[in-house]
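Hydrogens, waters and symmetry mates are skipped; everything else that's a heavy atom, side chains included, is used.
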2 protein chains.
Amino acid sequence: MAEKNLDRRQRRSRRLLRDALFALILEKGYDAVTVEEITRRADLGRATFYLHYRDKEDLLLQCLEETADGLAEQIGLLQPARPQEEDGHLQADFSGKSPVLLVFQHAAQNASIYRVILRGEGAYKVSRRIREIASRYAAEFFSARLGYGDGEPRSTIPIEVVANYFAGSLLGMLTWWLESGMPYSPEQMSETFRQLLFQGLRQVIRPEGE
Amino acid sequence: MAEKNLDRRQRRSRRLLRDALFALILEKGYDAVTVEEITRRADLGRATFYLHYRDKEDLLLQCLEETADGLAEQIGLLQPARPQEEDGHLQADFSGKSPVLLVFQHAAQNASIYRVILRGEGAYKVSRRIREIASRYAAEFFSARLGYGDGEPRSTIPIEVVANYFAGSLLGMLTWWLESGMPYSPEQMSETFRQLLFQGLRQVIRPEGE
DNA sequence: ATAATAATAAACAGATTGTTTATTATTATA
DNA sequence: TATAATAATAAACAATCTGTTTATTATTAT
């Protein structure tokens, strides 16, 4: 947002800086990357960096926010393709795809930034922020769909707990998947995750037949 | 381990450095802490720090390893109180307590280091290491108890996926719990986590009666 | 008592940061 | 196309932090 109002030179500089940072983090790890290196790789003056970002962390955080917005848009939480709900609930447009599947697909499409962020190689503020984002979305989602919304709640488990359980398990599986070189398709990952989440370990591991 | 063989001066120095680091991280965040500050707070010469640790991260990583060993011992994975199994399985001694409960209790007892580590305020290597430790234990645990061990596996889901699902959700709930000021007892957290993990969201949120 | 060794202060070169200054190059727009 | 606005730039800077080394003092184990 407000990205388009920038001078062409500014857009160019930001893009170059972002690309340089990602490449360098994947090459040598977040901590080892210096501002000097970023600008050298981007072929920009070092002073230019400070015209746009406060520091390395600031740059990475802004990339994270953009990525999170992009994902939210995909899922339909921000700009639903169809007109909104009428029953007061947050009613996302899933176009037949499960939101979890969309997450894995988005991760596959943006694997490089997902790797950088989920690895935890970003600064600690980045890791913290991504957990915040994930559990906030989860809380919105569950509150609208799993009986937390209106009448008497159908569970005694606080929604925050459920949201953090969800966010942790999803991020855990995403991280493993990306670090292992994405050995399964997004569809497979999504289906497995949904089984574990909704049916629980007992049903999934030991089918009732046994 | 091998901690007792140290000169008394060395033990004292390490303890002071560790305490100073924790206090400073909780006060101003990992990144802002310098070696100079740590030694000033510990009332030691700066050179002494480098006699014991390579850098700030090294110190924190060693604390993490000690804490993880302590937890593993509690759970009985490392030094089971009772003689080992006879059926070939890794047979931990649970003394009637669920391992998950022991985790939450250990976290409550060592809240300060757990906060520092789980917050992700530690260096990225720390975050990564703790996920590795958690999923390795989970994999061992599940492989011995949930039908992954000997005969034909009872599930098509790879154990690595289950382990990372487990580690992510447990760390997610732990992190939230600590950051929220531990609003529930370890027993409550443990019970809730086990319900979500084994019975799944569907059973837990919508009891079959409805 | 004494030999071993841990802690120490001081000094060091090197890296990095974030800012400022004066100048050049590019852009948007009339 | 002319021009006013402004982005990019190189250079220099003080400040901070790092990791190492040196020679000396203090504490420990035995």
Side-chain angles (χ1 to χ4, degrees), chain A residues 1-63 116 121-126, chain B residues 1-63 116 121-126:
Chain A
M1 43 196 81
E3 269 286 324
K4 291 300 169 192
N5 299 338
L6 293 179
D7 190 309
R8 184 151 98 208
R9 288 167 294 181
Q10 297 189 63
R11 286 199 303 273
R12 176 174 168 275
S13 294
R14 293 192 182 199
R15 178 175 45 80
L16 289 171
L17 290 171
R18 178 165 40 84
D19 294 349
L21 177 67
F22 284 179
L24 287 168
I25 287 181
L26 289 173
E27 280 172 27
K28 49 196 304 197
Y30 177 82
D31 286 335
V33 177
T34 69
V35 172
E36 156 101 42
E37 262 178 328
I38 297 172
T39 54
R40 199 186 322 130
R41 173 74 61 105
D43 200 19
L44 293 171
R46 192 164 68 90
T48 306
F49 181 93
Y50 294 102
L51 249 38
H52 294 278
Y53 304 102
R54 194 159 19 81
D55 52 25
K56 205 173 46 162
E57 184 182 81
D58 185 33
L59 167 53
L60 191 53
L61 268 174
Q62 292 201 24
C63 294
V116 166
E121 288 204 355
Y124 76 89
K125 278 188 188 168
V126 175
Chain B
M1 42 195 79
E3 270 286 323
K4 291 299 170 193
N5 300 338
L6 292 180
D7 190 310
R8 185 202 286 169
R9 288 167 294 181
Q10 298 189 64
R11 285 199 304 271
R12 176 175 169 276
S13 294
R14 293 193 181 198
R15 177 174 46 80
L16 290 171
L17 290 171
R18 179 165 39 84
D19 294 348
L21 177 67
F22 284 0
L24 287 169
I25 287 181
L26 290 173
E27 280 173 27
K28 48 196 303 195
Y30 177 82
D31 286 335
V33 177
T34 68
V35 173
E36 156 102 44
E37 264 178 325
I38 297 172
T39 53
R40 196 182 330 125
R41 174 74 60 106
D43 201 18
L44 293 171
R46 193 165 68 91
T48 306
F49 180 94
Y50 294 102
L51 249 39
H52 293 278
Y53 304 101
R54 193 159 20 80
D55 52 26
K56 203 173 46 161
E57 185 182 82
D58 185 33
L59 167 52
L60 192 53
L61 269 173
Q62 291 201 25
C63 294
V116 166
E121 287 204 357
Y124 76 90
K125 278 189 188 165
V126 175

Any side-chain N or O of B:Tyr50 less than 4.0 Å from the OP1 or OP2 oxygen of D:dG19?
yes
Do A:Glu27 and A:Glu37 touch side chain to side chain, with heavy atoms closer than 4.5 Å?
no
Give A:Arg8 one of three labels, base, sugar-phosphate or nothing, depending on what nucleic acid heavy atoms sit under 4.0 Å from its own.
sugar-phosphate
Nucleotide nearest A:Leu44 when distance is taken to its side chain, options C:dA7, D:dT21, D:dA8:
D:dA8
Can you tell me how far C1' of D:dT21 sits from CZ of B:Arg46, to the nearest Å?
12 Å
Any side-chain N or O of B:Ser13 below 4.0 angstrom from OP1/OP2 of C:dA7?
yes
Distance check needed: D:dT16 C1' versus A:Asp55 CG, whole Å only.
15 Å
Side chain of A:His52: nearest nucleotide among C:dA7, C:dT17, D:dA8?
D:dA8
The side chain of A:Thr34 lies closest to which of these nucleotides: C:dA6, D:dT9, C:dT16?
C:dT16
More than 12 heavy atoms from other groups under 6.0 Å of CZ on B:Arg12:
no
Euclidean distance, atom CG of residue B:Asp7 to atom P of D:dA29 [Å, nearest integer]:
5 Å
Side-chain contact test, heavy atoms from C-beta onward, threshold under 4.5 Å: evaluate it for A:Gln62 versus A:His52 and give yes or no.
no
Heavy-atom side-chain contact between B:Val35 and B:Tyr53 under 4.5 Å:
no
Measure CG/A:Asp31 against P/D:dT18 and give the value in whole Å, please.
13 Å
Does the side chain of A:Thr48 come within less than 4.5 Å of A:Thr39's, by heavy atoms?
no
Round to a whole Å and report the spacing from CZ of B:Arg9 to P of D:dT25.
16 Å
DNA chain C in dot-bracket form (Watson-Crick or G-U pairs under 3.5 Å, [ ] crossing, | inter-strand) is |||||||||||.||||||||||||||||||
In this structure, how many angstroms lie between the C1' atom of D:dG19 and the NZ atom of B:Lys56, rounded?
15 Å
d(CG, B:Asp43; C1', C:dT8) in whole Å:
12 Å
Would you say A:Leu21 and A:Val33 make side-chain contact, with heavy atoms under 4.5 Å?
yes
I want to check something: taking the side chain as every heavy atom from C-beta on, are A:Val116 and A:Leu26 in contact at a cut-off of under 4.5 Å?
yes
Just the rounded figure in Å: distance from C1' of C:dT17 to CZ of A:Arg54.
14 Å
